[in-house]
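Scroll down for the structure; my scribbles are underneath it.
Just so you know, ligand 1 is whichever comes first in the structure, and atom 1 is the first atom listed for that ligand. Only this structure's heavy atoms are used, side chains among them; waters, hydrogens and symmetry mates stay out. By convention here, the first residue in the shown sequence is residue 1. In this text the structure is predicted, and so the values were computed from the model without any measurement.
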Amino acid sequence: MDKQKDIMIPEPLLMPVIEVEHSFFWESLSKNELRIQKCSNCAILRYPPNPMCSQCQFFEHSWELMSGNGEIFSYVVTHQPTHSAFRDRTPLATVIVELDEGPRLVSNILNISPSEIKIGMKVRVVFQKMDDEITLPFFELID
Ligand SMILES: [Zn+2]
């Protein structure tokens with residue numbers, strides 16, 4: 001059985017706007033790679049992408065390839081749609097995933113219902129191509 005067919009991909013309400021300093025992040029995602037900025041001076045991993053390190057104010061950086069593995073650091077489940085665009089989207093779970101390498105991303109978990117989500121669950125990234133420019137990083141529970 002094709003596992004991918006069981007996964008329901010939430011359609012984003014608004015597509016991200018690609019800023020110049022974020023363009024490599026989005027290009028990497030379109031190649032199914034999750035890359036995070038690493039400061040060339042203090043080596044801190046920083047997300048979201050930023051032109052300058054918040055720790056040491058250094059501008060040079062590299063783009064480190066992440067494993068894509070992590071765990072649910074926190075989450076919130078929205079039950080009441082506060083806007084008509086969310087009418088068919090509740091309950092909606094928004095999660096913060098802490099990657100094994102440390103950075104935290106806001107995303108959705110695709111293969112579990114919001115009522116089953118628990119802090120500490122192990123997850124891995126799933127790349128979903130939305131259009132020619134945007135691929136989004138979602139996550140799925142590791143079996
Ligand atoms: Zn730094």
If you measure only the distance, is there a donor-acceptor pair under 3.5 Å linking the side chains of Glu116 and Ser113?
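Ser113 and Glu116 do have a side-chain donor-acceptor pair below 3.5 Å.
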
Glu101 and Ser67 side chains, donor-acceptor separation under 3.5 Å:
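A donor-acceptor contact under 3.5 Å links the two side chains.
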
Result of checking Ile109, Asn108, Leu110 against Phe139 for side-chain contact (heavy atoms from CB on, under 4.5 Å):
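The side-chain contact (heavy atoms from CB on, under 4.5 Å) with Phe139 is passed solely by Ile109 among Ile109, Asn108, Leu110.
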
Between Arg35 (side chain) and Trp63 (backbone), is there a donor-acceptor pair under 3.5 Å?
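Between the backbone of Trp63 and the side chain of Arg35 there is a qualifying donor-acceptor contact (under 3.5 Å).
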
Kindly say whether Asn50 contributes a backbone atom to a donor-acceptor pair with the side chain of Gln37 at under 3.5 angstrom?
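Answer holds: yes.
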
Closer than 2.8 Å to the Zn ion (ligand 1), which protein N, O or S atoms?
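As for protein N, O or S atoms lying under 2.8 Å from the Zn ion (ligand 1), they are Cys39 SG, Cys42 SG, Cys53 SG, Cys56 SG.
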
Identify whether Phe24 and Ile134 are in the same connected component of the hydrophobic contact network (ILVMFWY, side-chain heavy atoms under 4.5 Å).
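In one cluster: yes.
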
